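Reviewing the structure listed below.
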Amino acid sequence: MTLEILTFGIARDIIGSSVLTVEMLEGATVDDLKRQILTLYPGFIALSSLMIAVNTEYGNETTVLKEGDEIALIPPVSGG
Amino acid sequence: MTLEILTFGIARDIIGSSVLTVEMLEGATVDDLKRQILTLYPGFIALSSLMIAVNTEYGNETTVLKEGDEIALIPPVSGG
Amino acid sequence: MLDIQLLSTPLSISACEAFVESPEVGGAVVFIGTVRNKTGAKSVTRLEFEAYKPMAINEMRKIAERALSTFSVFKISIHHRVGILDIGEVPVVIAVSAPHRGAAFDACEFCIDELKKTVPIWKKEVFEDGEIWVAAHP
Amino acid sequence: MLDIQLLSTPLSISACEAFVESPEVGGAVVFIGTVRNKTGAKSVTRLEFEAYKPMAINEMRKIAERALSTFSVFKISIHHRVGILDIGEVPVVIAVSAPHRGAAFDACEFCIDELKKTVPIWKKEVFEDGEIWVAAHP
């Protein structure tokens, strides 16, 4: 399946684009996506954290992704 | 000596005047004044507290009063 | 730096905020008191605040100085109103700025807690059928 | 009652205060963030705030709902700004009203602490000689 992933802040800088398209196997989880991103973009290894949001909620490692989900990379937040 | 004492809030209501004149012996303390006021105006006994200010500072029991001091009765405060 | 005022006119919350705000601080915490419409089950019609003015200003200043020396804060503004206040009006505003917000929260709460204990200001609650000096009796 | 907003225009502190104030409460506590002119020894030129908007609003609302259910508070207003902010401008305002002021202090501090941990908003500090995404690296 094809996942379109929104990027923000330093994640967008590392990837060089505000949307990233990734091919994943059906049934892939947040954890699988994270591994794939760390492999494709080793710059993420240096970050304090990397979370994945699925449909505007924080996903946990076992959350299963589907085509059409709104997925976003959430690097360390710094609002306020 | 003659002391002029400012009154506020419920203290003014109990005394019925915003200034109270009291005759005290030279060397009288805050504690002496407090006893005299409780004797003259037993209504103060029912209050949660009664403090005496001397020259705009809280006096303690042994503070000695002099003619010309700015003295005030401070019933329980309730600002804010 | 301190800004301590006892006023008989409506308080300006934004004046207190403007005094403490600065590009050198990370943030400010503001406490805004409000005249409540009820005390327990009784409806309050209005409040009357009276102060022993020179001493009230002294005591507010002492509290602010203690807050400055106890907490790592930058500026403190305390404005208290006297006179007749209607429901919803503001008797007190305390604004505190600090490099780190935790200190601003702690100092602001310290100032209002102490103000209620030591500053010679008295509040009379007026009801339809009477009035009381708040906190006068146990 | 909640008032949660993410805005690209200057925040109105008084709008947040007006939302929470009520004759049913004894007071309100307001936190006002400010853009500092320095980070450590470095002079900051400006800040850029970026948000994942729908999720940022969701997360701010969740924090406010947790505060409402944890503390005895009445109303909460959280306004956060995005875009380019100059030194001294206000990125965030949080106002909380409560029948008792202790709960308002606790809930207001809880909201800003949690906001900094979970709300997907990112701050870039711009210096004369470069820029960094705040908190990105350990």
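Chain letters run A, B, ... following the sequence lines, proteins first, then strands; residues in each count from 1. Just so it is clear, the model here is predicted, and its values are computed rather than measured.
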Who passes ring-ring contact (aromatic ring centres under 6.0 Å, His included) against C:Phe74, sequence neighbours left out?
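By the ring-ring contact (aromatic ring centres under 6.0 Å, His included) rule, C:Phe74 matches no residue at all.
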
If the contact rule is any heavy atom under 4.5 Å from chain B, which residues of [range] qualify, in numerical order?
| range | answer |
| --- | --- |
| residues 97-108 of chain C | none |
| residues 6-30 of chain C | none |
| residues 112-138 of chain C | C:Ile112, C:Leu115, C:Lys116, C:Lys117, C:Thr118, C:Val119, C:Pro120, C:Ile121, C:Trp122, C:Lys123, C:Trp133, C:Val134, C:Ala135, C:Ala136, C:His137, C:Pro138 |

Please confirm whether the backbone N or O of B:Gly80 pairs with a side-chain atom of C:His80, one donor and one acceptor, at under 3.5 Å?
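Here the side-chain-to-backbone pair exists.
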
If you draw a 6.0 Å radius around CG in B:Leu25, do more than 12 non-hydrogen atoms from other residues or ligands fall strictly inside?
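Result for CG/B:Leu25: open.
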
Should we count NZ of C:Lys42 as having more than 12 external heavy atoms under 6.0 Å?
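Buried by this count: over 12 neighbours within 6.0 Å.
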
To check you understand the geometry: which heavy-atom pair defines the closest contact between B:Ala53 and C:Tyr52, and what is its length?
CB-CE2, 4.2 Å

Side-chain touch B:Phe8/C:Met55, heavy atoms, less than 4.5 angstrom
no

Could you look at C:Glu59 and say if it's the side chain, the backbone, both or neither that has a heavy atom under 4.5 Å from chain B?
side chain

Bottom line for C:Ala51: the part with an atom under 4.5 Å from chain B's heavy atoms is backbone

Is chain C contacted by the side chain of B:Leu6, its backbone, both, or neither, given a heavy-atom distance below 4.5 Å?
side chain

